[in-house]
Amino acid sequence: MKTASLFAVAGLAALAATPAMAKVMTPAQYVVTAGASDLYERQSSQLVLETTANPKVKEFATMMLSAHAQSTADVKAAAMKSSVKVAPPMLMPAQAKMIAQLRGASGMARDTAYIAQQRAAHDQALGVQKDYAMGGTAPALKMTAAKIVPVVEHHIMMLKGM
């Protein structure tokens, strides 16, 4: 259990080290950030699905694969409408570190680390989506961010019950 706590704390610290959004992102920055967030969600969820025996974790991770594939498609379509180049998503350093932590854990320790990481990642994603929905400069991307906000809020509510 101590190992799981260490993984969770390390993941949260890495995510917290990501600079806060002091100003609204450019459309290109938003697309890169949203893409990285979705990629992290899909990779971490696929990883935990390989080993979890917890039905709640399994259900949540399965939902993450579907929901984040959809948000990736939505952001990509909005970026195209906004003439924003969409490169293949890449993990941010903190996200890559969290994936490595999950790979290094197993069993209940992996599940515990995954849940802790998901809470932090969704809190950050909610901030990014809300900020862009409120102050973004590309209308199609703003509408997409606004559409994603309630989905992320739903995920956060689910995580509170885990």
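Predicted model only: the values in this text are computed from it and were never measured.
Under the 4.5 Å side-chain heavy-atom criterion for ILVMFWY residues, no single connected hydrophobic cluster contains both Val32 and Val24.
By the side chain to side chain contact (heavy atoms under 4.5 Å, CB included) test, Val149 is found to be paired with Leu126, Gln129, Lys130, Glu153, residues two or more places apart in sequence or in another chain being considered. Taking the side chain to side chain contact (heavy atoms under 4.5 Å, CB included) definition, one finds that Lys56 meets it with Asn54, Met162, sequence neighbours left out.
In the model, Tyr132 has no side-chain atom that pairs as donor or acceptor with a side-chain atom of Thr144 under 3.5 Å. Side chains of Gln118 and Glu41: a donor-acceptor N/O pair is present below 3.5 angstrom, by distance only.
Of all heavy-atom pairs spanning Val31 and Ala79, the tightest one is CG2-CB, 3.8 Å. Closest of all the heavy-atom pairs between Leu141 and Ala78 is CD2-CB, 3.7 Å. Contact between Ala96 and Leu91 at its shortest, heavy atoms only, is CA-CD1, 3.9 Å. The heavy-atom pair separating Ala140 from Ser82 by the smallest distance is CB-OG, 3.6 Å. Between Val84 and Ala28, the shortest heavy-atom distance links the atoms CG1-CA, 3.8 Å. The shortest heavy-atom contact between Gly35 and Pro89 is O-CB, 3.4 Å.
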Could you walk me through whether Ser37 and Val128 pass the side chain to side chain contact (heavy atoms under 4.5 Å, CB included) check?
-> CA-CA 10 Å; Ser37 178; Val128 168; over 6 Å; no
Gln46 and Met64: CA distance, side-chain angles, deciding distance, side chain to side chain contact (heavy atoms under 4.5 Å, CB included) verdict = CA-CA 9 Å; Gln46 188 61 53; Met64 290 300 93; over 6 Å; no
Test His122 against Met157 for side chain to side chain contact (heavy atoms under 4.5 Å, CB included), laying out the working first.
-> CA-CA 10 Å; His122 278 83; Met157 291 301 295; over 6 Å; no
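Put simply, CD on Gln101 and CZ on Arg110 are 12.0 Å apart, with the number rounded to the nearest 0.5 Å. Rounded to the nearest 0.5 Å, atoms CG (Leu102) and CG (Leu47) are 5.5 Å apart. To the nearest 0.5 angstrom, Glu50 atom CD is 8.5 Å from Arg103 atom CZ. Between Arg119 atom CZ and Met158 atom CE the span is 12.0 Å, to the nearest 0.5 Å.
A heavy-atom distance below 4.5 Å is found between the side chains of Lys58 and Leu49. Using a 4.5 Å heavy-atom threshold, the side chains of Tyr30 and Val75 count as touching. Between Thr62 and Ser45, every side-chain heavy-atom pair lies at or beyond the 4.5 Å cut-off. Looking at heavy atoms from C-beta onward, Met25 lies out of side-chain contact with Asp131 at the 4.5 angstrom threshold. At a threshold of 4.5 Å between non-hydrogen side-chain atoms, the residues Met63 and Phe60 count as touching. Residues Asp38 and Arg42 meet the side-chain proximity criterion, which asks for heavy atoms closer than 4.5 Å. The shortest distance between side-chain heavy atoms of Thr137 and Pro27 falls below 4.5 Å. For the pair Tyr40/His68, no side-chain contact is recorded, criterion being any heavy-atom separation below 4.5 Å from C-beta on.
Other residues, nucleotides and ligands contribute at most 12 non-hydrogen atoms within 6.0 Å of the CE atom of Met143.
Gln95 contributes a side-chain N or O that, together with a main-chain N or O of Met92, makes up a donor-acceptor pair within less than 3.5 Å. For the pair Gln124 (side chain) and Ala121 (backbone), a donor-acceptor distance under 3.5 Å is absent.
The salt bridge (Lys or Arg N to Asp or Glu O under 4.0 Å) analysis of residues 64-88, with sequence neighbours excluded, yields the pairs Asp74-Lys147.
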